[in-house]
Amino acid sequence: MIVSIPKGTKDILPSEVHRWQWLEDAFRDCCARYGFSEIRTPIFEHTELFKRGVGDTTDIVQKEMYTFELAGRSLTLKPEGTSPVVRAFIENKLYAEQMPAKYYYNIPCFRYEKMQKGRQRQFHQFGIEIFGTENMLADAEVIALAMDYLSGLGIDDLSLRINSIGCPNCRAKYKDALQNFLRPELELLCDTCKDRFDRNPMRILDCKSPSCKEITKNAPRMMDYICEDCRSAFEELKENLTALSIPYKIDTDIVRGLDYYTKTAFEIVSDKIGAQSTVCGGGRYDHLIEEIGGPPTPGVGFGMGIERLLLVLDAAGINISKPETCDVFIAVLGRAPMAQALKTAQSLRASGFKVLTDVMGRNLKAQLKYADRSEASYTMIIGEDELKKGVVTLRNMKESTQKEIKLEEIEAEIR
Ligand code: ATP
Ligand code: MG
């Protein structure tokens with residue numbers, strides 16, 4: 001091997017791509033049922049967008065971005081999906097259209113992270129966003145779509161955790177309280193968290209290291225500091241989830257840890273896929289669109305990791321069957337019937353059949369072997385005799401029967 005695949009990335013091979021397609025089709029259908037439209041944005045953006053959108057103090061911006069300089073510009077491969085959608089919303093003046101705006105996307109994301117199970121450097125996300133309303137009905141709808149999608153896949157043992165992370169009004173007081181609590185333990189925190197102490201202390205609550213978890217066990221929680229407005233929003237969210245019959249747990253450890261993020265934060269978690277257990281993470285960001293230069297517009301959404309979704313499906317033993325790839329294999333015996341074979345193949349394909357023909361000039365025996373390996377439902381043989389009589393020999397591979405039929409009767413026979 002002269003050049004191998006970069007660490008943290010994976011090929012998705014033809015033998016497994018049907019699993020991805022199945023998830024993607026189901027996601028598209030689900031989003032349509034909730035009235036979301038797809039949006040596609042470029043794979044790279046100006047670095048500044050993520051500094052503003054994700055936040056200068058976050059791990060992503062501090063050390064995980066794939067950033068490169070070209071022609072005097074700093075560009076970055078998408079580490080997440082929300083900021084690019086916000087940029088497109090502003091740049092294309094989509095805010096002038098009817099509100100709320102409801103978008104979904106399916107994107108690759110790039111983060112230079114330490115490799116672990118469920119953590120790659122290029123991974124993929126489904127995401128949705130609702131812009132233009134502060135109403136907790138939107139938060140409930142975002143969560144309902146995620147849960148609906150997952151249960152539609154046959155996954156029903158995931159748990160929904162919700163939290164309120166307040167707003168800039170109530171958060172300042174909380175940050176002080178949290179830093180005061182953590183200060184005496186500062187030396188015992190992991191290196192990443194030492195770093196987070198000044199720039200983004202809330203994120204320490206989110207640390208997966210057992211020693212940090214132990215230290216923060218009794219730390220003050222945002223929930224005890226939220227203002228009246230944030231508290232009543234949280235009550236409304238809970239009522240809406242109850243009305244939707246969606247069970248939830250309150251988990252005061254969930255943080256987004258950024259000033260633009262407000263009120264609702266939630267995660268959907270599996271206990272079957274190891275330490276990287278969050279399949280879906282989302283929440284509200286009422287100041288993000290303004291931060292990126294748009295008119296003040298509230299928003300809420302989620303990002304769902306597709307690789308982790310596949311791990312959950314594996315753990316649950318959900319088998320996604322491979323679709324049939326070949327209805328008919330057309331084998332040709334001799335040179336003369338070739339034109340007829342090609343014509344028949346094209347006409348069957350035009351009618352929607354999956355048709356294989358020999359493109360290697362193999363002899364009949366080898367063609368039939370190939371047909372067998374391709375798991376064709378039918379094999380059709382056209383030789384000189386058949387050509388003269390205007391028929392083909394049609395072999396039903398499952399039943400091991402064969403008969404001669406007229407060209408014009410093929411479709412009716414194999415449908
Ligand atoms: P985590 O706690 O796992 O680091 P995060 O808070 O960084 O997650 P988000 O930015 O909210 O994650 O991304 C949404 C989802 O994308 C996550 O819940 C997860 O399923 C998935 N995800 C995030 N980072 C990775 C990665 N490096 N590899 C695979 N999936 C990922
Ligand atoms: Mg992360």
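Numbering of ligands and ligand atoms starts at 1, following listing order.
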Output for ligand 1, non-hydrogen cut-off under 4.0 Å, lists Arg111, Glu113, Gly118, Arg119, Gln120, Phe123, Gln125, Arg203, Lys208, Arg256, Thr278, Val279, Cys280, Gly281, Gly303, Gly305, Arg308

Are the aromatic ring centres of Phe126 and Tyr105 under 6.0 angstrom apart?
-> no

Check whether more than 12 heavy atoms from other residues, nucleotides or ligands sit under 6.0 Å from atom OH of Tyr112, and answer yes or no.
-> no

Apply the test salt bridge (charged side-chain N to carboxylate O under 4.0 Å, His left out) to residues Arg415 and Glu411: give CA-CA distance (whole Å), side-chain angles for both, the deciding distance (0.1 Å), then the verdict.
-> CA-CA 6 Å; Arg415 193 168 293 282; Glu411 280 199 27; 2.9 Å; yes

Results of side chain to side chain donor-acceptor pair (under 3.5 Å) for Glu291 - residues two or more places apart only = Arg52

Should the pair Tyr66 and Phe110 be assigned to parallel (<30°), tilted (30 to 60°) or perpendicular (>60°) ring geometry?
-> perpendicular

Compute whether any side-chain donor of one residue and acceptor of the other, for Gln120 and Thr9, lie under 3.5 angstrom apart.
-> no

